[in-house]
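Structure below; questions to follow.
All values below were derived from every heavy atom in this structure, side-chain atoms included, with hydrogens, water molecules and symmetry-related copies excluded. For ligands, and for the atoms within them, numbers begin at 1 and follow the listed sequence. Nothing fancy with the numbering, it's 1 onward along the sequence.
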Amino acid sequence: MSEIKKRLSTILESPHFPTEEKLQKICHLLDQEIHYFNWTGFYFRNGDKDELILGPYVGAETDHTVIPFGKGICGQVAVSGETFVVPDVHDQDNYLSCSIDTKAEIVVPIIKDGENIGQIDIDSHKLDPFTAEDREMLEWLCAEVAKIL
Ligand code: SME
C-alpha cells in the first residue's frame, strides 16, 4: 500500500475522531501532500433532494455550497455515479467556476450500498495534472470513506 493510503487509512480507522473531523483531516492530508491539489472537499447528497451540499473542505471559500444535480462537474457526477476527470476546465460548458485560478478538476463519487451519496472534488491550478495513480487512490479513498458513513 502506498504511503498516502496508509496515512489515509490511519485517519479513517481512528477511534478518536467523529466522521466529520476524519473527512476534514483527509482534505488537509491530500492538500498538504499533493502540491497540485489546490482545493479539496467533499459534497454530499442533501437527504432525498436532488442537490449536493458542501461538506468538509480545504481551500478558498466557494459560492457553490449547494449544487443541483446535473449542474457543473459535481452535479454531473451526482447523476452519473462515475469519476469525471477534467484536464482543462475551459473545455467544459457545464462547469461551475469556483476560482479563476482553477485549470483542472477531478470528481470521484462515493457509492454506498449501490447508492451515489456524495463525492470528493479536487481542483488544480495546473493544467492536466491528475495521474492514473491519483485517480486510483481517490477511487480507493471514496470506497473506504463509504464504509465509515
Ligand atoms: N467546479 C465544480 C463546482 C465546485 S467547486 O470546484 C468547489 C463544478 O463544476 O461542479
**Prompt:** When you check the gap from the basic side-chain N to the acidic O, do R45 and D50 get nearer than 4.0 Å?
**Reply:**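 D50 and R45: salt-bridged.
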**Item:** Which of the ligand 1 atoms, numbered from 1, are nearer than 4.0 Å to a heavy atom of W39
**Value:**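 Checking each atom against W39, I get 7 (C).
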**Request:** Check each atom of ligand 1 against the heavy atoms of D121 and keep those under 4.0 Å away; list them by number with element.
**Result:**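 Answer, ordered by atom number: 4 (C), 5 (S), 6 (O), 7 (C).
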**Prompt:** Nearest to atom 2 (C) of ligand 1, what protein heavy atom do you find, and at what distance?
**Reply:**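 That would be E105 OE2, 3.2 Å.
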Please tabulate, for the side chains in residues 85-93, all donor-acceptor contacts under 3.5 angstrom to protein atoms that are two or more places apart in sequence or on a different chain.
residue	atom	partner	partner atom	Å
D88	OD1	H90	N	2.9
D88	OD1	H90	ND1	3.3

**Request:** Would you mind listing which atoms of ligand 1 come within a distance below 4.0 Å of any non-hydrogen atom of Y43?
**Result:**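 Going through ligand 1 atom by atom, the ones under 4.0 Å from Y43 are 4 (C), 7 (C).
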**Prompt:** Does the side chain to side chain contact (heavy atoms under 4.5 Å, CB included) test come out yes or no for F130 and L138, once each step is laid out?
**Reply:** CA-CA 11 Å; F130 304 113; L138 292 170; 5.7 Å; no
**Message:** Pairs of nitrogen or oxygen atoms closer than 3.5 Å, one from G75 and one from ligand 1: do any exist?
**Reply:**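 For ligand 1, there is no N or O atom that lies under 3.5 Å from one belonging to G75.
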**Prompt:** Should we count NZ of K49 as having more than 12 external heavy atoms under 6.0 Å?
**Reply:**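 No - once you tally the heavy atoms of other residues, nucleotides and ligands closer than 6.0 Å, there are 12 at most.
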**Asked** Pick from L30, V145, I106: which one makes a side chain to side chain contact (heavy atoms under 4.5 Å, CB included) with I120?
**Response**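 Of all the options given, the one that passes is L30.
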**Single hit among W39, F42, F37 for ring pair (Phe, Tyr, Trp, His ring centres under 6.0 Å) with Y57** =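 Checked W39, F42, F37 against Y57; only one passes ring pair (Phe, Tyr, Trp, His ring centres under 6.0 Å): W39.
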**Request:** Report the nearest protein non-hydrogen atom to atom 8 (C) of ligand 1: residue, atom name, distance rounded to 0.1 Å.
**Result:**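 Here the nearest protein heavy atom works out to I73 N, 3.2 Å.
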**Message:** Geometry only, no angles: is C98 polar-contacting ligand 1 at N/O separations under 3.5 Å?
**Reply:**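 N/O-N/O distance under 3.5 Å: no.
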**Request:** Provide the closest heavy-atom pair for M1 versus K6 in the form atom of the first, atom of the second, distance.
**Result:**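 Where M1 meets K6 most closely, the heavy atoms are O-CE, 3.4 Å.
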**Asked** Quick one: which of V107, L52, T102, L96 has a heavy atom closest to atom 3 (C) of ligand 1?
**Response**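 The residue whose heavy atom sits nearest atom 3 (C) of ligand 1 is L96.
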**Request:** Compute the shortest N/O to N/O distance between D123 and ligand 1 and return yes if it is under 3.5 Å, no if not.
**Result:**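 In this structure, D123 places an N or O atom under 3.5 Å from an N or O of ligand 1.
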